[in-house]
Amino acid sequence: MASTYYLTSAISYPNGAPHIGHAYEFVCCDALARFKRLDGYDTRFQIGTDVHGQKMWQTARDLGLSPRELSDKNSDVFQEMTDLLNVSYDRFIRTSDEDHHAASQAIWRAIEANGDIYKDVYSGWYSVRDEAYYDESETSVTEEGTRIGPQGTPVEWVDEESYFFRLSAYQDQLLALYEEQPDYIGPASRKNEIVSFVKGDLNDLSISRTTFDWGVKVPGDEKHVMYVWLDALTNYITGAGYPDTQSDLWRFWPCDVHIIGKDITRFHAVYWPAFLMSAGIELPKRVFGHGFLLNSGQKMSKSLGNVVDPFDMAKLYGVDQLRYFFLREVRFGSDGSYSHEDIVNQTNASLANNFGNLAQRSLSMIFKNCDGAVAPVAELTDADQRLLADADALLDTCRVAIDRILPNEALDAIWAVLDHANRYFDEQAPWELKKTDPDRMRTVLYVTAETVRQVAILCQAFLPESAAKLLDQLKIAEEARDFVQLGARNRLDPATVIDKPQGVFPRFIEPEAA
RNA sequence: GGGAGUGUAGCUCAACGGUUAGAGCCAGCGGCUCAUAACCGCUUGGUUGGGGGUUCGAAUCCCUCCACUCCCA
């Protein structure tokens, strides 16, 4: 029975179009999910949209749409983007889904049954845009007479009946959790932030609203809809079948890791475990807050005009090129920066020149000089064995990197082997051997092709489309592409006969300057 | 305003308080011709954000200032 691996990305708030940060998160999650799947885990990967809340409700009203119409329309765009980027989700959840409403109401009842929900009145200045209440001292009045919050967004006085969650009762348990499971919040820098937040006074949390009706109804009191975060976080267990713990899907809970943006760590590392503790549900094993992608070092914003449409980027650079850049160039967990120049340089150098050209130069020689036959192997020299040993060691290195949620380190290791292979090819000079020792030439080509095979199999996790093309060219059967095929036990079949190879990673050529 | 973090080569990043601060990309020079003007070798490039301190010894520890990011108020 294979071990399970359940991975979630944050669900996106589809108040507008997806941006590059969404694309980045999806791709990183996808690499982890694909890797685990190829490595034999019973894997589940969930992604989706969080469609409720006052902001969606207001945006819809402004556009003359129903909230449902808006959320369906915008969720479709997010889903199209995940498909375009080859994101291999098992479920694209939308919090408007029926089973999700059922799950949210179920967790509400469980928390209520534990005595952690009470009704009170909430008063204060509320910013819809920030979805936050502010103290009057934090607000100010503009010249036009509008009262605004510290972020400069309009606030309105709200005096409403609300249900509260006894978050304050969970302070000690939360601190104990961080203590006992040092890896619960990653990376470490995020953890410090959370611990200091929880060490301060935790206030009880308002978890319902009555001023709008776009959300999950509070069971037994339908004037109220549930606080958007309580409902949103619950998506992770909806996807595991909750509340039906007899469900086949429940084997995936507890989740192995929630991948989220660093800005929402608090919701995932404080509120979510507290809700689960109260409801008597096991906690996820890990929460990991990744960094942001900055455009040439600057934060993306509409006013700076540097917001980039990920659809356009995928079209311009290619899907795998974009994926590669995200995964290799940014240490997951830290902030990263991208620019047109960076993407072009990095993908040309690593994909076209290094990997693509290695495959092309070796496969071409096989095709031209060996009638496409990968040929019987003569005795292996030390140089041959060193290269193969390097390739054989990759899986273990990559496993460690992936478990630490550092896909960039996995790619570093893979590319070190590709460097080695290019060096080897040059030193062995098979084009010389062609004249002097054709058998030796065949062996060199075989060893190189075998290295390409192993790298391509690993790269399926990161560059699925291109890796598949390469494996097709090597005539590797669909069922011989998982990680069991890596290492010394399963070499490239010497009886393989290939067709004329085709470059897999074209160089990026700048369009003519206008 | 408070807290957390970051700042190292033109760019992206490494470096348990311990030889001369490393690697990739870019650039320059040379080589090769199997290959996608690709590949291989060599080279240039640094006051480790500024200033002060602790230490036999600091990129690393402490203080302070500056810039940026995130969280909180």
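Residue numbering restarts at 1 for every chain, and letters A, B, ... go by the order of the sequence lines.
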Ring centroid separation A:His258 to A:Phe267 under 6.0 Å: no
For atom CG of A:Asp419 and atom P of B:C39, their distance in whole Å: 10 Å
Secondary structure of RNA chain B in dot-bracket form (Watson-Crick or G-U wobble, distances below 3.5 Å, | marking inter-strand pairs): (((((((..((((....[...)))).(((((.......))))).....(((((..]....)))))))))))).
Same-atom distance (C1') from B:C62 to B:C68, integer angstrom: 23 Å
Phosphate OP1/OP2 of B:U36: any A:Arg361 side-chain N/O under 4.0 Å: no
Nucleotide of B:C26, B:C71, B:C34 approaching A:Asp263 most closely (side-chain heavy atoms): B:C71
5'-most by nearest nucleotide on RNA chain B - A:Phe267 or A:Ser364: A:Ser364
Interatomic distance at C1', B:U12 relative to B:G18, whole Å: 28 Å
Check: A:Tyr236 ring centre within less than 6.0 Å of A:His268 ring centre: yes
Atom P, compared across B:A27 and B:C63: separation rounded to whole Å: 43 Å
Residue pair A:Leu492, A:Gln454: steps toward the side chain to side chain contact (heavy atoms under 4.5 Å, CB included) verdict: CA-CA 9 Å; A:Leu492 178 60; A:Gln454 294 220 32; over 6 Å; no
Atom-pair distance (CG on A:Leu351; C1' on B:A38), nearest Å: 14 Å
Sugar-phosphate, base or nothing in reach of A:Arg507, heavy atoms under 4.0 Å: base
Rounded distance in Å - CG (A:Leu358) to P (B:C34): 16 Å
Rounded interatomic separation in angstrom, taking CG from A:Leu411 and C1' from B:G24: 13 Å
Rounded P spacing from B:G49 to B:G41 in Å: 31 Å
A:Thr448 side chain reached by A:Met365 side chain, heavy atoms, under 4.5 Å: no
Nucleotides 2-11 of chain B: protein proximity per nucleotide (B base, S sugar-phosphate only, - neither; heavy atom, under 4.0 Å): -BSS-----S
Proximity of A:Tyr170 and A:Phe165 rings by center, below 6.0 Å: yes
Sugar-phosphate only, base, or nothing, as touched by A:Val198 at under 4.0 Å among non-hydrogen atoms: nothing
Length of the CG-P vector between A:Asp412 and B:A14, whole Å: 10 Å
Donor/acceptor link under 3.5 angstrom from A:Asn353 side chain onto base of B:A38: no
Distance, C1' atom - from B:A37 to B:G51, rounded to whole angstrom: 50 Å
Whole-angstrom distance between B:U6 and B:A15, as gauged at atom P: 11 Å
Whole-angstrom distance between B:A59 and B:G52, as gauged at atom P: 14 Å
Parallel, tilted or perpendicular, as decided by the 30° and 60° cut-offs, for the rings of A:His22 and A:His19: tilted
Sugar-phosphate, base or nothing in reach of A:Ala352, heavy atoms under 4.0 Å: base
B:A38 and B:G28, which share atom name P, separated by this distance in whole Å: 12 Å
Protein-nucleotide distance (A:Gln360, atom CD; B:A37, atom P), rounded to Å: 10 Å
Residues from residues 428-467 of chain A lying under 4.0 Å of RNA chain B - heavy atoms: A:Trp431, A:Glu432
Test item: A:Arg323 side-chain N/O and A:Phe462 main-chain N/O as donor-acceptor pair under 3.5 Å: yes
Distance, rounded to the nearest Å, where A:Ile414 contributes CD1 and B:A23 contributes C1': 18 Å
Atom-pair distance (CZ on A:Phe325; P on B:C25), nearest Å: 15 Å
Sugar-phosphate only, base, or nothing, as touched by A:Asn422 at under 4.0 Å among non-hydrogen atoms: sugar-phosphate
